[in-house]
Every structure is written in C-alpha cells, then in structure tokens.
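Side chains are part of it too, since the values below use all heavy atoms of this structure and drop only hydrogens, waters and symmetry mates.
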Amino acid sequence: MKILDGQGKSKLWTDRMDVIPPSPDYQSLKDAALAHLARFATTRQSLRQMLQRRVRRWGVRAARAGMFAEEVAAHEAVCLPVIDQIVEEMGRLGAVDDAAFSRSRSRNLARAGRSRRAVQAHLQARGVDGETVRQAVDESLGEAGEEQAHQAELAAALILARKRAVGPFHRPDRPEKEHMKVLAIFARNGFSQDVAEKALGMDREDAEDLIIGFRSL
C-alpha cells in the first residue's frame, strides 16, 4: 500500500511494524512468571500454559496490527523453548513445586467436600504426574486402605452432605430427597456407596465432631 508523504511524494507503508507490539522475550516472560507466582500457587504445567497463553495473545494482537502469519508463527516458535527454560528455573528456585502444591491442594479440596478420587483427578488435570499425585494424596489424606484415609474420606463426604443438606444435615422444614438420588450426588463427586451410606446414616452431632476434627488437622 502507498501513501503520500508531506511533500506529495508516494512512499511504501513502512510504519506497519511501528504499531505491532514487541514480541515476548526471556525477560518479559520471566517477569510474567514471577508476577503470576507471587499471586497464585500453581504447577509447572499450569505455569507453562499461562506463559503460552500470553504468547498466543501477543500473536493475536500482532496479527491484527498487520504482522504476517508466518512471522507470528516464527516468533511464537522461538518462545516455546524460552518458556520451558523459565519453568525449569522457577522449579529450581522452589517458586513452583508440584509436590507441595499437590499436598496443599489435596487438603483444601478434601476440606471442601471433594473425594479422594476427585482430588486425584483435579491434580492430574493440572499436569501433575501420577506418582507425585499419589504421594501427595497419601501424605495429606492418609494411604489408601488405612484408617486415616477412611476417616478423611468420610469427613469429606460429610462436608458434602452438609452442603447439600442431606443425611444428618437434612432440614426438617424441607422435603427429604429420594435415597437413590442422594446416593447419585455422592457418586458424581467420586465417593463410594459404602462411604456415602455411612455418612448419610450418621448422627448430626457425631458428623459435626468428625468434620471439626478433620479440618483441625
């Protein structure tokens, strides 16, 4: 495209690059990583995805400003190993720690009424490897099959029961839900039928005591 300069002479449109935002580099991506980690606990995979989204958003803005698709793709490709480098650096610094994140998130999710199975699925969805997930859940909620793990699962089920006002937390002023529908609520949240039945059959005072004890750990 040609335009006229101030003296009436035509010239090529050379200002195209002036409006294109500078492409992300090591320093800008590292600053973004540090800012994110200062606000949020996260996993390596989640940090990597955040930085990748940042690069993709830059690509969209650059393309809208006139950068050719091939140029955008080339810049984005250069950023990928830089992102991996930054994630590794954050890991060595201890700023991102999948194991610590998983232990903390396991406890918090269980205390919010999430089953062991749901906790594991949540962590795996965030890119934490299976062995790290297993170790973190065992440390936080007890090893599968042991009494500590059973009590943690039962307490989580009771927290869900309290949220849904079922079982020991059923409100007398409301109609009682069908038993099978209540069991389906627990099943959808990853609880076994045995745990659900035990939670639903508990006395309210005992249920409250178990929840309080679990949350105080």
Side-chain angles (χ1 to χ4, degrees), residues 32-53 86-88 90-170 182-200 202 204-217:
L34 290 170
H36 185 79
L37 292 170
R39 297 180 60 197
F40 306 105
T42 191
T43 64
R44 288 181 176 227
Q45 181 62 19
S46 294
L47 179 62
R48 180 178 290 106
Q49 291 172 342
M50 183 279 292
L51 293 173
Q52 290 171 345
R53 288 194 299 271
I86 291 170
V87 171
E88 288 303 314
M90 296 299 104
R92 288 196 298 271
L93 290 171
V96 58
D97 184 334
D98 283 7
F101 172 90
S102 298
R103 289 192 296 270
S104 175
R105 187 58 61 92
S106 295
R107 290 189 292 269
N108 291 339
L109 289 174
R111 290 169 182 167
R114 302 286 288 275
S115 68
R116 187 185 189 93
R117 187 183 304 170
V119 170
Q120 291 170 332
H122 173 91
L123 295 172
Q124 289 170 347
R126 278 152 182 75
V128 182
D129 68 87
E131 181 60 20
T132 300
V133 169
R134 186 192 65 78
Q135 291 180 357
V137 173
D138 284 351
E139 288 182 34
S140 301
L141 306 178
E143 294 188 20
E146 293 187 349
E147 181 61 20
Q148 180 188 353
H150 177 72
Q151 290 297 97
E153 188 80 343
L154 180 57
L158 288 168
I159 291 168
L160 178 62
R162 187 166 63 182
K163 286 183 176 180
R164 297 302 185 93
V166 295
F169 302 100
H170 169 67
V182 175
L183 288 178
I185 293 173
F186 285 89
R188 286 194 297 272
N189 284 273
F191 292 100
S192 69
Q193 184 173 346
D194 287 346
V195 170
E197 293 281 16
K198 187 167 184 178
L200 292 171
M202 286 189 69
R204 182 177 185 129
E205 186 174 344
D206 290 341
E208 290 282 12
D209 287 345
L210 185 56
I211 291 173
I212 291 170
F214 175 62
R215 284 184 161 170
S216 66
L217 293 176

For residues [X] and [Y], determine if any side-chain heavy atom of one lies less than 4.5 Å from a side-chain heavy atom of the other.
X	Y	answer
Phe186	Val195	no
Leu183	Leu200	yes
Leu123	Val137	yes
His36	Leu47	yes
Gln45	Val87	no
His150	Lys198	yes

Considering residues at least two apart in sequence or located in another chain, which fulfil the side-chain hydrogen bond (donor to acceptor under 3.5 Å, both in side chains) criterion with [X]?
X	result
Asp97	none
Glu208	Arg162
Ser140	none
Gln120	none

Exercise for review: Output every pair passing salt bridge (charged side-chain N to carboxylate O under 4.0 Å, His left out) with a member in residues 120-135, not counting sequence neighbours, ordered by first then second residue.
Suggested key: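 Every salt bridge (charged side-chain N to carboxylate O under 4.0 Å, His left out) pair that includes a residue of residues 120-135, provided the two are not neighbours, is Glu131-Arg134, Arg134-Asp138.
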What pair of heavy atoms forms the shortest contact from [X] to [Y], and how long is it?
X	Y	value
Ser115	Glu153	CB-OE2, 3.6 Å
Ala149	Glu143	CB-O, 3.2 Å
Phe101	Ala41	CE1-O, 3.5 Å
Ala110	Phe214	CB-CZ, 3.7 Å
Gln151	Leu210	NE2-CD1, 3.4 Å
Thr42	Leu37	CG2-CD2, 3.4 Å

**Study point:** Enclosure of Glu147 CD (heavy-atom neighbours >12, cutoff 6.0 Å)
**Key:**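 Result for CD/Glu147: enclosed.
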Review point. Does atom CZ of Arg215 have more than 12 heavy-atom neighbours from other groups under 6.0 Å away?
Key: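 It does: Arg215 CZ has more than 12 such atoms within range.
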Practice item. Would you give the length of the straight line joining atom CG of Asp98 to atom CZ of Arg44, rounded to the nearest 0.5 angstrom? Key: 6.5 Å
**Study point:** Distance in Å, Ile212 CD1 paired with Leu158 CG, rounded so as to fall on 0.5 Å steps
**Key:**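 Between atom CD1 of Ile212 and atom CG of Leu158 there are 11.5 Å.
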Exercise for review: Taking Lys163 for its side chain and Ala112 for its backbone only, find out whether a donor-acceptor pair lies under 3.5 Å.
Suggested key: yes
Practice item. Would you mind listing every side-chain hydrogen bond (donor to acceptor under 3.5 Å, both in side chains) that reaches into residues 99-114, with sequence neighbours excluded? Key: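 Residue pairs passing side-chain hydrogen bond (donor to acceptor under 3.5 Å, both in side chains), neighbours aside: Arg105-His122.
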